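If you're wondering where the values come from, they're calculated on a predicted model, not measured in any experiment. Residue numbers start from 1 in every chain, and the chains themselves are labelled A, B, ... in the order their sequence lines are given, proteins ahead of strands.
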Protein chains: 2
Amino acid sequence: MGFQVLLVTGTHGNEINGPWFFQQWDKNPELINNYGIKFFKVIGNPDALQVGLRYLDKDLNRSFSSDLICSDDIKEKEVIRARELLNEYGEKGMHPCEIVIDIHSTTAAMGSSLVVYGRRPADLALAALIQSHLGLPIYLHEGDPIQKGFLVESWPCGFVIEIGPAPQTLLQAKTVLQTQLALEVCLQKISQASLRKAVYPNHLVVHIHQESIDYPRDLNGNIDAYLHDECQGQDWKPLEKGSPLFQFPNGEVVRYEGDNSLVPVFINEAAYQEKNIAMSLTKKEVWPFLDEWKMAFEEIIN
Amino acid sequence: MGFQVLLVTGTHGNEINGPWFFQQWDKNPELINNYGIKFFKVIGNPDALQVGLRYLDKDLNRSFSSDLICSDDIKEKEVIRARELLNEYGEKGMHPCEIVIDIHSTTAAMGSSLVVYGRRPADLALAALIQSHLGLPIYLHEGDPIQKGFLVESWPCGFVIEIGPAPQTLLQAKTVLQTQLALEVCLQKISQASLRKAVYPNHLVVHIHQESIDYPRDLNGNIDAYLHDECQGQDWKPLEKGSPLFQFPNGEVVRYEGDNSLVPVFINEAAYQEKNIAMSLTKKEVWPFLDEWKMAFEEIIN
């Protein structure tokens, strides 16, 4: 196996379960079976982790755009860190990695899920292998001009694992166990594929990003209504026309007036208030698995 | 009514539901019936709220010890803020308040609950009125030499309202509604008492602090085991001998070996990791209501 895998946690410094698990894994390498895969594990944003904040100057997971990284005048700590990570583990780095798995947690009830950025064939192949084993949903993030510069896009293959609901800075049994399981299954599937022993599924189920909805806001931009209690935790369940989305403190309710077939994700993720996202809406599709995905993936790991 | 009440939220900057509700209340004064009470509302730590951190230099709710506040050489932003709050709203301040209600949220499943510091008769009288209306549990914090300098101790009467589980920095319908209700009941009971129309209960149920338990730690002081999933959320339920408390990533379980009658509170409060508290243990007692509590309380508000 000539390829190497980069495992990242703590890309956001207030998502502490992954970093805690890495620390434990350092002490006891047998906590995860690595299936013979060569891998590096790294804390994405150790300075932010230290103070328990998502980031210091700028969201690290929006700092990997080439225009930011290639700039001669980098001021934000996170853009400097993005360049560091690429110099160390990027395709042309000191320890070149071909695949990256970036492990996050979220205050939304996402369960264990994958976020795939765009439709890179190799990503879809590996995601399909994970989905066929764990049954987890996949959020295909694309066509969102406001959000760019995601970490995993800077490597030939990779995606985000999102686990929730996980309160910020709270060490939580369930989140640790889900992180551990998801990581091990990733390494197992990569190993099987590199040995040409992976059994790919016939289909891939994806939830494709359509749009995001913001909280109701006042003229100063302050949030004016909270997420309705009946909407909290309803990630991955299709919204029905008329179902409650937000509630003002005076009792007034904002209802969903859109298409019956859309599926919400990242409902009430605390960190997305500043991104004007109360939830994102997706469209579920079932795609036949394409042989070219497998070929693209196996080319990377052989 | 010659007395004034101080209502505080955002004493910890990552507990955002109270401050958000205050903002809404500013816009719409009818959100709460104040029952004719003169009150001030204030954000405890606006600088920490701005960045979403519990505090900047030092926990504001441990910064009210007289030795800190009276020092000539104050460095910590929170001690400066404590002095400011006392100069403004303290007994001898510009807007003297006799009662303070300090509204918090917690990642622990405390429900709506009160924390009373020590056994000041006036506090017990008001707490008994709230308990008889809402039925909520009361944590009597005393005899804990490691923790001191709580905000409410600097006013003649007052306590903390704790609402949870509430993830840090997450706006959440349930927490807002519980905050609103608890505040209104406080103002209602204070008003009734000041008009000599309060009906005091015959008993007060208290959970008296006994000791705190820390997470298992390694030789470097790092947390080595997470709270066991079966213990998460079990606040206010008596621990049974042999019940699981913590779990190491290798599966090893630490079980409770203490007294069957103790009741845990603040289980897995994220902010208490740094205070070496995984939970506190209390002893439940039912006290007869004493007339002197009522007299002490009604003296303050008349």
Side-chain angles (χ1 to χ4, degrees), chain A residues 14 16-17 20-28 30-32 51-54 56 105-108 164-177 179-180 215 218 220 222-233 244 246-251 268-274 278, chain B residues 14 16-17 20-28 30-32 51-54 56 105-108 164-177 179-180 215 218 220 222-233 244 246-251 268-274 278:
Chain A
N14 53 13
I16 67 161
N17 287 275
W20 185 81
F21 180 73
F22 270 19
Q23 204 178 44
Q24 293 292 319
W25 191 9
D26 277 338
K27 294 184 195 174
N28 179 3
E30 289 176 10
L31 278 183
I32 285 189
V51 292
L53 282 171
R54 184 175 173 93
L56 299 175
S105 64
T106 166
T107 66
Q168 292 170 359
T169 84
L170 184 70
L171 185 63
Q172 188 173 258
K174 214 177 160 198
T175 309
V176 172
L177 292 170
T179 299
Q180 180 176 12
Y215 301 86
D218 66 15
N220 299 317
N222 297 313
I223 290 178
D224 229 7
Y226 45 76
L227 191 88
H228 196 286
D229 205 31
E230 287 180 34
C231 189
Q232 182 76 48
F246 304 104
Q247 181 153 359
F248 290 86
N250 68 3
N268 214 18
E269 159 54 49
Y272 288 179
Q273 290 196 356
E274 67 177 27
Chain B
N14 53 13
I16 66 159
N17 287 275
W20 184 81
F21 180 73
F22 271 18
Q23 202 181 48
Q24 293 292 319
W25 193 8
D26 277 339
K27 293 185 195 173
N28 179 5
E30 291 177 10
L31 278 184
I32 283 189
V51 292
L53 281 172
R54 183 174 173 93
L56 299 175
S105 63
T106 166
T107 65
Q168 292 170 0
T169 83
L170 184 70
L171 185 63
Q172 188 173 257
K174 215 176 160 199
T175 308
V176 171
L177 292 170
T179 299
Q180 180 175 12
Y215 301 85
D218 66 15
N220 299 317
N222 297 313
I223 290 179
D224 228 7
Y226 45 76
L227 191 88
H228 196 285
D229 205 32
E230 287 179 32
C231 189
Q232 181 76 46
F246 304 103
Q247 181 154 358
F248 290 87
N250 67 4
N268 214 18
E269 159 55 48
Y272 287 179
Q273 290 196 356
E274 67 178 26

Practice item. Among the options N14(B), D218(B), N28(B), pick out the one with the most heavy-atom pairs lying under 4.5 Å from chain A. Key: D218(B)

Check your understanding: Looking at CD of Q168(B) and OG1 of T106(B), how far apart are the two atoms once the value is rounded to the nearest 0.5 Å?
Key -> 9.0 Å

Check your understanding: Given that the side chain runs from C-beta out, which part of L31(A) has a heavy atom under 4.5 Å from chain B: side chain, backbone, both or neither?
Key -> side chain

Review point. Given that the side chain runs from C-beta out, which part of I223(B) has a heavy atom under 4.5 Å from chain A: side chain, backbone, both or neither?
Key: both

Check your understanding: In Å, rounded to the nearest 0.5 Å, how long is the span from CD of Q232(B) to CG of L170(A)?
Key -> 6.0 Å

Practice item. Measure distances from A225(A) to the heavy atoms of chain B and classify the residue's part below 4.5 Å as side chain, backbone, both or neither. Key: backbone

Check your understanding: What is the ring orientation for W20(B) with Y226(A), classed by angle as parallel under 30°, tilted 30 to 60°, or perpendicular over 60°?
Key -> perpendicular

Review point. In chain order, what residues pass the side-chain hydrogen bond (donor to acceptor under 3.5 Å, both in side chains) check against E30(B), with sequence neighbours excluded?
Key: none

Exercise for review: Report the option among V176(B), T169(B), D224(B) that has the most heavy-atom pairs separated by less than 4.5 Å from atoms of chain A.
Suggested key: D224(B)

Study note, to complete from the structure: So, the part of N17(A) with a heavy atom under 4.5 Å from chain B: the answer is neither

**Study point:** Nearest-0.5 Å distance, CG of residue N222(B) to NZ of residue K27(A)
**Key:** 5.5 Å

Practice item. Please check if the side chain of N268(A) supplies one atom and the backbone of L171(B) the other of a donor-acceptor pair under 3.5 Å. Key: yes

Review point. Considering only heavy atoms, which portion of Q24(A) lies under 4.5 Å from any heavy atom of chain B: side chain, backbone, both, or neither?
Key: side chain

